[in-house]
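Order of the sequence lines sets the chain letters (A, B, ...), proteins ahead of strands, with each chain counted from 1. Just so you know, these numbers use all the heavy atoms, side chains as well, and skip hydrogens, waters and symmetry mates. What you are looking at is a predicted structure, and each value in this text was computed from that prediction instead of being measured.
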Protein chains: 2
Amino acid sequence: MKNSLKALRAERGWSQADLAGLLEVSRQTVNAIENGRYDPSLPLAFTIARVMQLRIEEIFEE
Amino acid sequence: MKNSLKALRAERGWSQADLAGLLEVSRQTVNAIENGRYDPSLPLAFTIARVMQLRIEEIFEE
DNA sequence: GCCTAATGTAAAACCTGCTTTACATGGAGA
DNA sequence: TCTCCATGTAAAGCAGGTTTTACATTAGGC
């Protein structure tokens, strides 16, 4: 799966640590997802969509 | 997370085994998700949305 | 040149998602 | 009643997601 998390985060002026704080996950988790090392769980994908104010399908694609 | 998979599947007249075939996962996986034993991975959630012709947010909620 | 902040990455440990095999139960139809 | 189909569940095992700790690199400000 692909995602545009890095760009969306940058648009908002957030560091990986900032985003990790909002998501209540570790900074390494944010980094790993941004760099495609793995996909988030479904609950985490929902949280990401919520803090980004977007739909999951607008952030991730198959 | 909650989901309405059981109802959506029933609307379509599919058995758990039918849906499992479409999703290319085991019947036990469908059963476990329907009964809330665990959430699907994000890729599987995308596949479910695709075969249901709905958005992920229309099937799952936090 | 130094300090600090941001990013990338690694290992170990743990928990969750998914598989296969296998068995039990209930309902519908011949 | 017998059989078949759909559903629920369990155990063992492998794969993937997440944490903590820890270290290296780069870029910017002073």
Side-chain angles (χ1 to χ4, degrees):
Chain A
M1 305 220 4
K2 288 188 173 182
N3 73 75
S4 44
L5 197 54
K6 192 175 299 206
L8 294 168
R9 176 177 60 78
E11 280 174 14
R12 288 159 178 73
W14 296 337
S15 69
Q16 292 183 346
D18 291 336
L19 178 54
L22 291 169
L23 299 174
E24 298 180 280
V25 296
S26 69
R27 181 180 65 81
Q28 285 77 353
T29 293
V30 170
N31 184 281
I33 294 168
E34 283 192 355
N35 290 298
R37 270 196 297 286
Y38 50 75
D39 298 320
S41 66
L42 184 57
L44 182 51
F46 265 87
T47 307
I48 292 170
R50 181 160 40 79
V51 310
M52 291 296 179
Q53 308 212 68
L54 291 170
R55 286 187 277 112
I56 289 178
E57 289 88 349
E58 294 176 300
I59 305 174
F60 300 91
E61 66 176 311
E62 289 194 280
Chain B
M1 301 219 8
K2 287 190 174 180
N3 73 74
S4 43
L5 197 52
K6 192 175 299 205
L8 294 168
R9 176 177 61 78
E11 280 174 15
R12 287 157 179 74
W14 296 337
S15 69
Q16 291 183 346
D18 292 335
L19 178 55
L22 291 169
L23 298 175
E24 298 179 279
V25 296
S26 68
R27 181 180 66 81
Q28 285 77 353
T29 292
V30 170
N31 185 281
I33 295 168
E34 283 192 354
N35 289 298
R37 271 196 297 286
Y38 50 74
D39 298 320
S41 67
L42 184 58
L44 182 51
F46 265 87
T47 306
I48 292 170
R50 181 160 41 77
V51 310
M52 290 296 178
Q53 308 212 68
L54 291 171
R55 286 187 278 112
I56 289 179
E57 290 88 348
E58 293 175 303
I59 305 174
F60 300 91
E61 66 175 312
E62 291 193 277

By a strict heavy-atom criterion of less than 4.0 Å, which residues belonging to [range] are in contact with DNA chain C?
| range | answer |
| --- | --- |
| residues 3-25 of chain B | B/E24, B/V25 |
| residues 30-49 of chain A | A/N31, A/N35, A/R37 |
| residues 51-62 of chain B | none |

Min and max contacting nt of DNA chain C in 5' to 3' order, chain B heavy atoms within under 4.0 angstrom, are C/dG17 to C/dA22
Considering the terminal five base pairs at each end of the helix from C/dG1-D/dC30 to C/dA30-D/dT1, what angle separates the two local helix axes, rounded to 10°?
30°
CG-CD1 distance between A/L23 and A/I33, expressed to the nearest 0.5 angstrom
7.5 Å
For the CG atom of B/N3 and the CG atom of B/D39, what is their distance to the nearest 0.5 Å?
8.0 Å
Show the nearest heavy-atom pair for residues B/L42 and A/P40, with the distance to one decimal.
CB-O, 3.5 Å
Restricting to side-chain hydrogen bond (donor to acceptor under 3.5 Å, both in side chains), what partner residues turn up for B/T29, sequence neighbours left out?
B/S26
When the side chains of residues 52-62 of chain B are checked against the rest of the protein, which donor-acceptor pairs come out under 3.5 Å, sequence neighbours left out?
| residue | atom | partner | partner atom | Å |
| --- | --- | --- | --- | --- |
| B/E57 | OE2 | A/I56 | N | 2.8 |
| B/E58 | OE1 | B/R55 | N | 2.7 |
| B/E62 | OE1 | A/R50 | NE | 3.3 |

Side chains of residues 14-22 of chain B: which donor-acceptor partners sit under 3.5 Å, not counting sequence neighbours?
| residue | atom | partner | partner atom | Å |
| --- | --- | --- | --- | --- |
| B/S15 | OG | B/A17 | N | 3.3 |
| B/S15 | OG | B/D18 | N | 3.0 |
| B/S15 | OG | B/D18 | OD1 | 3.4 |
| B/S15 | OG | B/D18 | OD2 | 3.2 |
| B/Q16 | OE1 | B/N31 | ND2 | 3.1 |
| B/Q16 | NE2 | B/E34 | OE1 | 3.0 |
| B/D18 | OD2 | B/S15 | N | 2.9 |

Taking atom CD of B/E24 as the centre, report whether more than 12 heavy atoms of other residues, nucleotides or ligands fall under 6.0 Å from it.
no
How does protein contact run along nucleotides 25-30 of chain D, one letter per nucleotide 5' to 3', with B for base contact, S for sugar-phosphate only, - for none, heavy atoms under 4.0 Å?
------
